[in-house]
Number of protein chains: 2
Amino acid sequence: MTAAERREEEKAAFGAYVDGCPTHQLMGIIGNKWSMLVLTDLAQGARRYAEVSRALPGVSAKMLTQTLRSLERDGLVARSVTPSVPVQVEYTLTLLGERIVPLLDSIKEWAGRHIEEIHAARERYDGTPAGV
Amino acid sequence: MTAAERREEEKAAFGAYVDGCPTHQLMGIIGNKWSMLVLTDLAQGARRYAEVSRALPGVSAKMLTQTLRSLERDGLVARSVTPSVPVQVEYTLTLLGERIVPLLDSIKEWAGRHIEEIHAARERYDGTPAGV
DNA sequence: CCGCATCCTTTAAGATACTG
DNA sequence: CAGTATCTTAAAGGATGCGG
């Protein structure tokens, strides 16, 4: 049992380490389905809710709100309300949000440069020369 | 209905675009829980299955195998079997796998530099000065 | 126009036990 | 040692309808 217990402890410790790991947290922020898209759209300039929604035709209202809120909470996006009738809400990148753009660009650049190689590897692995 | 139909079409088209987007695919590869950890471990050198498992105390056999297989399929990791008794299986980064390491480092560096600011933003947003 | 609440489906992840 | 197979749980994502 002692060995098993030690395993458990190590596991818990590692779990805590992973949860506290900045990289893992960052991946949690930008790794979800819409964050990169929203950030990329806002990088072009300020946008209203409906504008972002139109730029991302696949997003549901729920996910857009959730994504925006989450990015706001993380200090990457700023939300400003103009109390007209009906209200106008504008989203912009914060300074921190702008600082993440180059990183996003790096990721996009790497993806663009190497995705073909990955596709080729997949076809080799799957034994599916063409198809799909 | 015509407007609704046009919406549907746009949505499907955008969905297809997102699925085909290299960036999105790359995020699918490195965005899951264990890929970065495994890649980072293999970046130190060749590892056997059980060694990786020990380096990542929280991973279940299932997830480790799944992650390794997926990375192998994507051409980032190479798997070589030595047919002894019992068999020995060694994992290494491929050339492509080594090329992604600098990108991973960029991500880690950004995370390390800015995570505090993100935490601060969260506390401001949550109205939770200390705690948790 | 903006977005919250509810309910439902799909996918990721984990525990466990067993095989060559 | 290096997995596979099965089952269960947790989380992400999405559709829809209501309210300020």
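Each chain gets a letter, A, B and so on, in the order its sequence line appears, and its residues count up from 1.
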Which residues pass the side-chain hydrogen bond (donor to acceptor under 3.5 Å, both in side chains) test with [X], sequence neighbours left out?
X: Glu10(B); result: Arg6(B)
X: Gln25(B); result: His119(A)
X: Glu117(A); result: none

Under a 4.0 Å heavy-atom criterion, the protein footprint on nucleotides 15-20 of chain C, written with B, S and -, is B-----

Here the residues of residues 65-73 of chain A within 4.0 Å heavy-atom distance, strictly under, of DNA chain D are none

Expected list for residues 25-47 of chain B near DNA chain D, using heavy atoms below 4.0 Å, is none

Taking five pairs at each terminus, the helix from dC1(C)-dG20(D) to dG20(C)-dC1(D) shows an axis bend, to 10°, of 40°

Hits for salt bridge (Lys or Arg N to Asp or Glu O under 4.0 Å) against Asp105(B), two or more places apart or cross-chain, chain-then-number order -> Lys108(B)

Kindly state each residue pair satisfying ring-ring contact (aromatic ring centres under 6.0 Å, His included) with at least one member in [range], sequence neighbours excluded.
range: residues 7-40 of chain A; value: Phe14(A)-Tyr17(A)
range: residues 86-112 of chain B; value: Trp110(B)-His114(B)
range: residues 37-59 of chain B; value: none

So the contacted stretch of DNA chain D, first to last nucleotide with an atom under 4.0 Å from a non-hydrogen atom of chain A, runs from dG13(D) to dA15(D)

